[in-house]
Amino acid sequence: MTLRVVRVRPDLPAIDRSFDYLVPDAIAHQISVGTIVRIPLHGRRVRGWVVEDFVQPETEISRILPLLKVVGAGPPPEILDLGRWAARRWIGPDVSFFGSASPPNAVVPNAVAESFSGGAESASHGSSESRLRVIAWPPSMDRRPLIDGLLPESGSSIVIVPDVGRLNSLIKYLTRAGRVVHVMHATRTAAERTLAWSEARKGNCVIVGGRGAVWAPVPDLAAMIVLDESDDALQEERSPTWHARDVAIERARRCGVACTLVAAIPSAVAVSLVEDVERPERSDESAGWARVEVVDLREEAPGQGLLTESLARALHKCVDAGERALLVMNRKGRARLLACGACRELARCEGCGAAVVEVQSGETSAFSTDSSAAEVSRSLLCPVCSTARPWLCAGCGSTRLRVLRSGVSRIRDDLAALLPRSRVLDVDASTDVDLAALREADVLVGTEAVLHRAPRDRPVGLVAFLDLDQELLAPRHRAAEQSATLLARAARLLGPRSEARRLLLQTRLPEHDVIRAVSEADPSIAWISETKRRAALSYPPFGALAQLRGVEEAVAYAANMLRALPGVTVLGPVASGASFECLVRCPDSEALSGALLAVHAGARALGRIRVEVDPARV
DNA sequence: CGGACAAGCTGA
DNA sequence: CAGCTTGTCCGG
């Protein structure tokens, strides 16, 4: 009788290798590739994944220890492979992907006889429909029938949805259509996610979830659908910065099944993957976008700040109709930049010279129904060195300070004055505002979080971006696409085109292609111009980007090594706060992975380097 | 990662 | 030279 030996990858990201273990007879029937086990390693007991079965051990059999126990079922072999692909693509440890593909709690493993013997996925359920489609679907056009139509009758499908808010109506719809739906979403409890994972393993179902759902262990994948494909929520923020859209495309390709990407304004990456972007009939398309009103800030009377005449008019109309208004503004706090009304001196810190900001004592209530702001005591604070200063000009001593740039809470007060009978509430992602308070509010003002947090109890009659240029011109290469996604989300809240409801955009760039695309209900204007821009810069999809960050020596060393490689362009390193960073560009992501992996091992000796492939900022 | 063991710094 | 820090190695 020969001893059964398995190769196990320990769940220790810093260890870049696997180890062999003996399989005790008592648990032999529960072990297969993917099974999560507990192993003894260097005096510790750690979790790991069986990555190979029936191996010929490399070390003497006498030194091999037995597995301690079976923790539970893990990802099927083909998902481990997909995880390895992602690990290379985004330069991360394979175990971080194995973790994403595993249930949060233990799942009883199948007996070996039951388990789907390898390649179940490769037995294509999608038949000849193995193709990639990109659909530009207007934000307010019901996409549920579209999705239902994309789901094959047999086999399992995975639907990735970044926007949790839309999840429930989709689930209800599909369930009513007779589908067996399981939800795999980070907002669910561990027990619920574990249950969905083990149900997915049985196949013949529809998995609906956030980005983590691309790893669902369905054995009979037949269709992959990614909704709001251009939404940044599909990308993991922490390294490895994997993107669910790209994993979905790869998984579908490997299984030979159809993959469909849907977005109001598809990303340049998505558009580059297909011959033609599919769109609804022109009349349906324009009906699916809210009416847009562009306010050219250059033509507005000076001194009124962001509360323009047009905005005031739209607000009154919305509030009078009993509908809710959402105002988006990405500057936090009160006045961010002040100047003396008498001598025009910029209000700066006497210590370090940084621009001081306005703070108020006794600033508490989220509601403000009056605007007796004069009675609130105001002072100045340096955001750099925290030096406080009284509310007066350092140059001439005048107390008449003029606001050059105002923040959310300042606008909230001005709105309260403009709409004395309405409740104005400011919202941001950090503060906890309870649902009751949100429901009572007639006007919500804050960062883009207002678009996510607005309750659905009342129709939204107005969404206004007070300073859209903040988004359009943000110093990130994806700024235009991010703005487009934001505008599409706003348009969705407003519903189909109607005379009354509108999307109001305040800007100094009324001719910007993202604004034109939205106001003309023609998303191609945005993706064509974005594609041109990317091509000119050799940015994705016309090249691959990564950002390296870490201590100076390590980044400098890596940058020099990379520069020496053919086809690699390196910008930097430059100091960024306490650390250093550089930008690496390659003709394609395979070349980028190859270059980074070649350098990574050597650079690690000099100190930790954080690698961000497809960085969202920069 | 985290323990083991080796080589380096300090102090009375 | 004990006693502690810092570095390098390695795991079945």
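Here is how names work: the chains are called A, B, and so on, in the same order as the sequence lines, proteins then strands, and each is numbered from 1. Atom set for the values below is all heavy atoms of this structure, side chains included, hydrogens, waters and symmetry mates excluded.
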Inset, instruction - Flag the pair Asp25(A) and Arg4(A) as a salt bridge only when some basic side-chain nitrogen lies within less than 4.0 angstrom of an acidic carboxylate oxygen. - result: no
Inset, instruction - Starting from C1' on dC1(B), measure out to CG on Leu41(A) and report it in whole angstrom. - result: 9 Å
Legend entry - Segment of DNA chain C, first to last nucleotide, that comes within the 4.0 Å heavy-atom reach of chain A: dC10(C) to dG12(C)
Inset, instruction - Indicate, with a heavy-atom threshold strictly under 4.0 Å, whether Ile15(A) touches base, sugar-phosphate, or nothing. - result: base
Legend entry - Between Trp49(A) and Ser102(A): side-chain donor-acceptor atoms closer than 3.5 Å: yes
Legend entry - Modelled atom types, side-chain donor and acceptor of Asn105(A) and Trp197(A), under 3.5 Å: no
Inset, instruction - Return yes when atom CZ of Arg610(A) has more than 12 non-hydrogen atoms of other residues, nucleotides or ligands closer than 6.0 Å, and no otherwise. - result: no
Legend entry - Salt-bridge criterion met for Asp231(A) and Arg489(A) (N-O under 4.0 Å): yes
Inset, instruction - Please confirm whether the backbone N or O of Arg254(A) pairs with a side-chain atom of Glu78(A), one donor and one acceptor, at under 3.5 Å? - result: no
Inset, instruction - Have a look at Arg44(A) and say if it touches a base, only the backbone sugar-phosphate, or nothing, with a 4.0 Å heavy-atom cut-off. - result: base
Inset, instruction - Provide, to the nearest angstrom, the distance between the CZ atom belonging to Phe19(A) and the C1' atom belonging to dG2(B). - result: 13 Å
